[in-house]
2 protein chains.
Amino acid sequence: MAVTMMDIAKRLEISAATVSRVLSGKGTGYISSGTRERVLEAARAMGYRPNRVAQGLVSGKTKVFALWLRNSDAPFYAKMPRVLAELGMHAGYEMILSGYRDRGGETLPPGAEEYDINAWPVDGIIAADCPKRVEQYRQWNPVGGAPIVMVATDENPEVDSIAFDHEVGVEAAMQHLIKIGCQRIVHLTAWCSVSAVQRCRQKVYERVISEAGLAKRVSVAADETRATAREHVKKLWSEAKFDGLFCINDDVAIGAHRGLADIGVTVGKDVALVGCDDIETAAYMTPSLTTIQQPVEAMCTRAWEMLEQRWAEPKAPLQQERIMPTLVVRESTSQFGK
Amino acid sequence: MAVTMMDIAKRLEISAATVSRVLSGKGTGYISSGTRERVLEAARAMGYRPNRVAQGLVSGKTKVFALWLRNSDAPFYAKMPRVLAELGMHAGYEMILSGYRDRGGETLPPGAEEYDINAWPVDGIIAADCPKRVEQYRQWNPVGGAPIVMVATDENPEVDSIAFDHEVGVEAAMQHLIKIGCQRIVHLTAWCSVSAVQRCRQKVYERVISEAGLAKRVSVAADETRATAREHVKKLWSEAKFDGLFCINDDVAIGAHRGLADIGVTVGKDVALVGCDDIETAAYMTPSLTTIQQPVEAMCTRAWEMLEQRWAEPKAPLQQERIMPTLVVRESTSQFGK
DNA sequence: ATGAAAGCGCTAACAG
DNA sequence: CTGTTAGCGCTTTCAT
């Protein structure tokens with residue numbers, strides 16, 4: 001059995017309350033330095049380790065927060081766990097990671113509801129791109145639920161959020177493609193749960209295309225994976241050629257990049273290619289991938305700040321911020337027409 | 001405040017114990033179907049949610065396990081959280097993710113020790129490539145510590161483990177390079193905490209090279225990142241050319257791949273390139289990357305099984321298994337000399 | 001400056 | 001079949 005405060009108290013013939021006061025640091029000033037020393041010493045000698053479950057029961061706080069991820073297989077999301085776990089660690093928090101694989105539909109995967117109902121009590125939640133789940137959580141916990149910060153997307157108006165400005169990025173990407181001389185620009189998108197982002201990007205694409213007097217052509221892949229995009233782009237090309245391709249995200253763009261290489265189309269020369277997110281691999285492709293950079297670390301840092309602020313002031317007004325993405329021009333567009 | 005079993009009991013004018021029996025399902029057969037119904041109904045109506053902290057305190061089990069990651073920024077490790085979180089979820093477990101950024105040294109990062117001492121009690125631990133931390137944990141918890149399963153590497157002989165057979169993979173890769181006609185094969189490695197793996201791979205490289213009567217050349221990059229490898233390989237090339245490059249892992253290989261492209265060296269023709277891990281990006285590079293495939297999902301699945309077996313039979317004999325990697329030949333070597 | 005006692009929400013004997 | 005009691009390990013009044 002693990003050693004408890006009671007064990008220390010008995011050994012020193014004092015009360016458990018005193019031990020608690022010393023070990024928790026709450027009684028600073030009221031404890032005789034004699035007993036303080038002896039308690040500290042005994043704790044060390046006996047290998048005492050606080051039982052956080054017991055602390056949690058009495059305090060109502062667990063010092064644990066949850067990270068909800070929509071699709072942690074995608075490199076864009078894959079960075080978040082490490083960043084947030086470190087941020088939390090420095091503040092004395094641990095992180096429960098819970099990610100469903102995205103199934104592209106509107107509902108949660110089987111078993112998810114039950115799972116969430118029975119979830120471990122956390123002090124806060126950071127929810128990346130899973131508005132449905134946020135909605136459900138708030139429904140089940142009308143009062144007393146943990147504060148939530150939504151990241152990446154902000155579909156739910158009733159919680160703090162830090163998202164990207166999807167319009168600005170797409171606008172910049174499209175203007176870039178037009179400026180370098182693309183005439184037939186295709187938008188390659190994909191089914192996913194965060195349909196608002198998808199729809200928003202498509203809308204901007206369509207607006208810019210029509211403002212430029214070009215013909216629009218939108219193609220929807222079955223999912224957001226690289227493998228699907230790789231095959232999809234071949235079909236797309238065989239149906240009708242194009243000279244510009246704007247993809248919903250970098251994974252789709254990387255799949256397309258490879259798919260075009262497979263059929264002998266030279267990315268960067270024959271087709272200008274733009275992705276979205278700026279995951280690490282974008283810079284390592286040959287040719288490297290022009291993309292809309294969305295700074296994940298900055299987003300996580302701000303999300304964590306927001307959560308801490310919400311803990312400090314539960315009644316403070318809602319914060320809903322947006323980060324401006326920037327276009328990173330690389331070889332997949334810079335050599336076009338040359 | 002959240003609704004408790006006591007609230008339900010009072011409302012129904014029964015005891016909390018009865019409520020517990022119904023809700024926990026422990027009293028099946030001993031509860032009159034009348035009260036059962038009423039309790040279930042009241043729980044639903046009142047929005048009852050079990051308090052897992054309280055359950056944890058009394059049972060001594062949290063139904064939470066920890067995943068320790070050495071370097072979760074690397075794509076190879078990035079898959080593990082999602083895979084294990086899903087595996088756990090299906091068994092009713094939640095996962096605490098705790099990853100330090102690897103600092104290449106032999107000790108834990110600042111604050112880590114304190115953090116671990118005060119860590120949340122978990123029922124089990126899966127530790128990926130962090131032998132030091134495992135050692136420390138076992139030291140602080142000589143008795144009553146949670147069972148540990150080490151994955152990816154098996155440097156600690158006293159816990160269950162599922163690792164890769166590093167020899168077999170490197171042997172196959174080296175034989176392949178020799179067979180396609182490489183004469184000057186360099187091994188590009190990097191400083192990292194899991195020095196055993198690094199040393200093992202290097203040793204096999206050296207053995208095969210000398211058996212083939214070739215000259216060995218080992219180069220050590222400052223860390224395992226793509227960015228470092230990208231620059232490192234340029235220096236390497238300028239010092240002396242080579243026609244084969246075996247990298248410690250795919251990230252290093254991808255960095256080298258891009259670095260060689262930067263200076264006009266054609267990967268696949270001028271230099272045959274082999275990585276290790278088979279992360280997704282390997283197949284999407286142009287030319288695609290030959291690599292030693294180490295099946296992460298299979299490893300995670302087996303690790304989870306081992307943990308469950310250990311829970312079922314704490315006294316069962318240690319299990320220390322190895323997965324055989326396979327060489328995946330792709331364009332970065334298949335076109336060599338053609 | 002310290003002890004005694006109550007209680008966080010739940011489970012598990014032990015009665016009946 | 002159900003109620004009473006005790007207790008998991010810790011914090012926190014309220015006394016002294």
Side-chain angles (χ1 to χ4, degrees), chain A residues 1-40 42-43 46-64 117-123 141 144, chain B residues 1-40 42-43 46-64 117-123 141 144:
Chain A
M1 285 304 298
V3 11
T4 72
M5 285 186 169
M6 199 56 206
D7 295 331
I8 299 181
K10 280 195 181 127
R11 169 96 101 82
L12 264 39
E13 293 180 310
I14 60 179
S15 79
T18 301
V19 177
S20 170
R21 283 188 271 253
V22 173
L23 260 21
S24 68
K26 293 279 170 62
T28 321
Y30 304 102
I31 305 283
S32 78
S33 63
T35 43
R36 141 171 267 97
E37 288 307 316
R38 288 165 53 230
V39 169
L40 256 21
M46 301 170 72
Y48 172 78
R49 311 271 307 268
N51 180 329
R52 285 189 48 185
V53 175
Q55 290 177 321
L57 183 59
V58 57
S59 70
K61 298 286 169 218
T62 52
K63 290 282 229 170
V64 174
I117 288 212
N118 207 24
W120 196 260
V122 290
D123 294 348
N141 301 66
Chain B
M1 286 306 297
V3 9
T4 71
M5 284 187 170
M6 199 56 206
D7 296 330
I8 299 181
K10 278 194 184 130
R11 170 97 101 81
L12 264 38
E13 294 180 306
I14 59 178
S15 78
T18 301
V19 176
S20 169
R21 283 188 272 251
V22 172
L23 261 21
S24 68
K26 293 278 171 65
T28 321
Y30 305 101
I31 305 282
S32 78
S33 63
T35 42
R36 143 171 263 97
E37 289 305 316
R38 287 164 58 229
V39 169
L40 255 22
M46 301 170 72
Y48 171 78
R49 310 270 309 268
N51 181 328
R52 284 189 46 185
V53 176
Q55 291 176 323
L57 183 59
V58 57
S59 70
K61 298 285 167 218
T62 52
K63 289 282 226 170
V64 174
I117 288 214
N118 207 22
W120 195 262
V122 291
D123 294 348
N141 300 67

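The basis for the numbers below is simple: all heavy atoms, side chains too, and nothing from hydrogens, waters or symmetry mates. Sequence lines set the chain letters: A, B, ... in the order given, protein chains first and strands last, and positions in each chain run from 1.
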Q: Using a 4.5 Å cut-off on heavy atoms from C-beta on, say whether the side chain of A:Tyr48 contacts that of A:Asp7.
A: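 With C-beta onward as the side chain, the pair stays apart.
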Nucleotide nearest [X] (side chain, heavy atoms from C-beta), chosen from [options]:
| X | options | value |
| --- | --- | --- |
| A:Thr35 | C:dT2, D:dG3, D:dC10 | C:dT2 |
| A:Ser20 | C:dT11, C:dC10, D:dT11 | D:dT11 |
| A:Thr18 | C:dT2, C:dA4, C:dC10 | C:dT2 |

Q) Can you find an N or O donor on one side and an acceptor on the other, under 3.5 Å apart, linking the side chain of B:Arg49 with the base of C:dG9? A)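 For B:Arg49, whose side chain was compared with the base of C:dG9, there is no donor-acceptor pair (under 3.5 Å).
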(Q) Is it the case that the side chain of A:Arg52 and the backbone of A:Lys63 share a donor-acceptor pair, with hydrogens and angles ignored and the cut-off at 3.5 Å? (A)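 Such a contact is found between A:Arg52 side chain and A:Lys63 backbone.
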Q) Closest nucleotide of DNA chain C for A:Ser33 versus for B:Ser24: which of these residues is on the 5' side? A)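 Upstream on the strand: A:Ser33.
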Q.
Check this one for me: any side-chain N or O of B:Gln55 less than 4.0 Å away from OP1 or OP2 of C:dG9?
A.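 No, because none of the side-chain N or O atoms of B:Gln55 sits under 4.0 Å from OP1 or OP2 of C:dG9.
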Q. Do any side-chain nitrogens or oxygens of B:Thr4 fall under 4.0 Å of OP1 or OP2 in C:dG9?
A. no
Using a 4.0 Å heavy-atom cut-off across all strands, classify [X] as base, sugar-phosphate, or nothing.
| X | result |
| --- | --- |
| A:Leu57 | base |
| A:Ser59 | nothing |
| B:Ser32 | sugar-phosphate |

Between [N] ([atom2]) and [X] ([atom1]): distance, integer Å:
| X | N | atom1 | atom2 | value |
| --- | --- | --- | --- | --- |
| A:Ile8 | C:dT2 | CD1 | P | 15 Å |
| A:Arg52 | D:dC8 | CZ | P | 21 Å |
| A:Arg36 | C:dT2 | CZ | C1' | 14 Å |
| B:Ile31 | C:dA12 | CD1 | P | 13 Å |
| A:Met6 | D:dT11 | CE | C1' | 14 Å |
| A:Asn51 | D:dC10 | CG | C1' | 8 Å |
| B:Lys61 | D:dC8 | NZ | P | 16 Å |
| B:Arg21 | C:dA15 | CZ | C1' | 11 Å |

Working to the nearest 0.5 Å, report the span between [atom1] of [X] and [atom2] of [Y].
| X | Y | atom1 | atom2 | result |
| --- | --- | --- | --- | --- |
| A:Ile14 | A:Arg38 | CD1 | CZ | 6.0 Å |
| A:Thr4 | A:Met46 | OG1 | CE | 8.0 Å |
| A:Asn51 | B:Leu57 | CG | CG | 6.5 Å |

**Q.** Most 5' of B:Ile14 and A:Met5 on DNA chain D, judged by nearest nucleotide
**A.** B:Ile14
